[in-house]
Structure formats: structure tokens, C-alpha cells
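Structure record follows, encoded as C-alpha cells.
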Amino acid sequence: MKIIQVIPTYNEAQNLPILVTALFDQHIPDYHILVVDDNSPDGTGEVAEGLRAQFEGKLTVLHRTGKAGLGKAYIHGLRQALDDGADVIGMIDADLSHPPERLPDLLAALSQADIAIGSRYVPGGGVDKDWPFWRKGLSWFGNTYARTILGLPIKDTTGAFRLWRRAALEAIPFEASRSNGYVFMVELIYLAKLAGLTFAEVPIYFAERTKGDSKMSFRIQLEAAWRVWQLRRYYK
Ligand SMILES: Nc1nc2c(ncn2[C@@H]2O[C@H](COP(=O)(O)OP(=O)(O)OP(=O)(O)O)[C@@H](O)[C@H]2O)c(=O)[nH]1
Ligand SMILES: [Mg+2]
């Protein structure tokens, strides 16, 4: 069973080697990584090339011409993973917010569901204990907002730590998405729900990034707020 984990990167030169090493340290058979870099000014693309040489045959890199948003990077990467013959396709943030050691449990959950979701909002999961209350509130609100408006059957709708069965990803028109920021994650869940796919949520502890800068912006939050409504109308 070939697994390809897609990692979108923009200025993650310090984080990527740590993440990649930790993922391979899970010793999952036939496990591969596909880095999708948007020509990061901090040299993440070159760092990824170094990793490609280090983990020969197990890591590939897609170099894109410039920053085009998380959604576009994932569309490109997910398509490539399907074309490369993946049976299971993974997603994860590069900033070490998602715990690589939860990967085996996510994979195990895929035996009972089409999509396994690393979830902050199920028992046993959580968000960074040092987050101020407003940050916790914002994350919770964003999730609840999307979940309520779109009637989504899972608790963590915005997180990107996920594994998909190949057939599940093939069953949804993800390439048509016009979502730019993290609302892309919400859109995938909505499409999966409409396609009648099944979900399993696996608790994860989400740690704040310690290196590099967040790509989260007011614009991206705003996009999420209105796009949720647009999705509801568009796919009805
Ligand atoms: N290729 C590519 N990757 C991106 C882009 N924007 C964000 N990413 C990556 O997507 C992942 C999530 O981005 P973050 O900056 O951590 O944003 P976030 O997780 O939504 O926000 P935080 O809660 O602040 O961490 C990281 O791996 C980023 O490097 C982009 O335009 N292109
Ligand atoms: Mg992050």
C-alpha cells in the first residue's frame, strides 16, 4: 500500500527537515513524501532538494513558480500523488503544529473510514496550552461556524492533518476548488460529505509553531467567513 504525504511549504526551511525526519521515523512501509514549495524566498526549495538526496527514492519535490495559496498548492500536490499511484494520500502542515507520532493511529483509523482526520476537538485532543483565550476562542469559533453552516459531521473542519483513501479523493472534484487559504480544508470536508464518504477523527494535540512565520492573515480569515456561505449555495 503506497502512501504519499503531501507537505505544502512556504518559508519553512527550518521546520521541514525536522518534520520530514520525524515522519520517516514512524517507519511506515511504502511511505513517501511530496513537498510542494511555492518558490519560498527563504530557500525551502533547496532544503527540500537536500532532503530528496538524503531520502533517495522516498521524497520528491514539486517546485511551483510563486506563492499562490494553500489551496492551489494542495490541488497540485494531491493530483500529483494520485498520478504517482498513491493508495493513501496524506496532508499535513509543515510548521510542526501537527504531531508526526500520531500518523500510525491515523493510518489505523483509515481501516474503518474513507478519511482519517487529526482532530483538536475530540476527547484527548487539544490546542496549544499557551494559546491565549482569544486565540483558542477564534479557532473554536471558526470551526463551529463552518461546521454549523455546512452541517459537517466532524469536529475539526479546518485542520489539515488528514489521510485519504485514494478512492475517496477520486470521488470528489477537489481540482475545481477556488479556495485559497485554510477554508480549502473545509471545502474538502464538505465535498466529501456530499459524496457520502465516511470520517474518523483521531485526537491530536496542536502545537503553535516555534519557527518561521504564520501565513494566516485577516484576508484569509475573511475568505473563510464568506466562502463557507458561498460553498453552501454553490454545491446545493
Ligand atoms: N506551497 C504553499 N504552502 C503554503 C502557502 N500558504 C501556506 N502554506 C503552508 O501551509 C501550511 C499552513 O500554513 P501556516 O502558516 O502554518 O498557517 P496556518 O496553520 O493556517 O496558521 P497558524 O495557525 O498561524 O499556524 C504550512 O506548511 C505553510 O508553509 C502557499 O501559498 N503555498
Ligand atoms: Mg500553522
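Residue numbers run from 1 in the order of the sequence given.
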Can you check whether Leu197's main-chain N or O pairs, donor with acceptor, with Asp114's side chain at less than 3.5 Å?
no
Could you report the tightest heavy-atom contact between Ala224 and Val228, atom names first, then the distance?
O-CG2, 3.2 Å
Does a side-chain N-to-carboxylate-O contact under 4.0 Å join Glu170 and Arg166?
yes
Taking the side chain from Gln26 and the backbone from Ala22, do they hold a donor-acceptor pair closer than 3.5 Å?
yes
Ignoring hydrogens, what is the shortest heavy-atom contact between Phe174 and Phe184? Give both atom names and the distance.
O-CE1, 4.3 Å
Any chain of hydrophobic side-chain contacts (each under 4.5 Å) joining Leu163 to Phe24?
yes
Identify whether NZ of Lys or CZ of Arg in Arg232 sits under 6.0 Å from the centre of the six-membered ring of Trp229 and within 45° of that ring's axis.
no
Does the Asp128 side chain pair with the main chain of Ala207, one donor and one acceptor, at a distance under 3.5 Å?
no
May I ask you to test the Asp38-Thr9 pair for a side-chain heavy-atom distance under 4.5 Å?
no
I'd like to know whether CZ of Arg64 has more than 12 heavy-atom contacts from other residues, nucleotides or ligands below 6.0 angstrom.
yes
Does atom OH of Tyr234 have more than 12 heavy-atom neighbours from other groups under 6.0 Å away?
no
Whether over 12 other heavy atoms sit under 6.0 Å from Glu175 CD
yes
Verify whether one side chain among Ser97 and Arg209 offers a donor that lies under 3.5 Å from an acceptor in the other.
no
With no hydrogens and no angle check, is any side-chain donor or acceptor of Gln5 less than 3.5 Å from a backbone partner on His32?
no
Does Lys58 make a cation-pi contact with Tyr31 (under 6.0 Å, within 45 degrees of the axis)?
no
How about Tyr145 and Thr157: does a side-chain donor come under 3.5 Å of a side-chain acceptor?
no
Hydrogens and angles aside, do Arg233 and Gln230 bring a side-chain donor and acceptor to less than 3.5 Å of each other?
no
Indicate yes or no: at least one non-hydrogen side-chain atom of Asp156 is less than 4.5 angstrom from one of Asn143.
yes
Which atom of Arg178 lies closest to which atom of Glu187, heavy atoms considered:
N-OE1, 4.2 Å
Beyond-backbone contact of Thr158 with Arg120, side-chain heavy atoms, under 4.5 angstrom
yes
Side chain to side chain contact (heavy atoms under 4.5 Å, CB included) partner of Val35, the single match among Thr60, Val47, Leu16
Leu16
Do Met185 and Leu222 belong together in a cluster built from hydrophobic side chains that touch within less than 4.5 Å?
no
For a quick test of reading the model, state the closest non-hydrogen atom pair linking Asp84 to Lys2 and the distance between them.
O-NZ, 2.9 Å
State whether Lys155 and Glu201 are salt-bridged, where the test is any N-O pair (Lys NZ or Arg NE/NH1/NH2 against Asp/Glu carboxylate O) under 4.0 Å.
no
Would you indicate whether Asp30, at its atom CG, is surrounded by more than 12 heavy atoms from other residues, nucleotides or ligands within a distance under 6.0 Å?
yes
Should the pair Lys215-Glu12 be classified as a salt bridge under the 4.0 Å nitrogen-to-oxygen rule?
yes
Closest heavy-atom pair and its distance - Ala48, Leu59:
O-CD2, 3.8 Å
Nearest heavy-atom neighbours spanning Leu231 and Tyr190
O-CE2, 3.6 Å
Got Ile154 and Arg147 here, is their nearest side-chain heavy-atom distance under 4.5 Å?
no
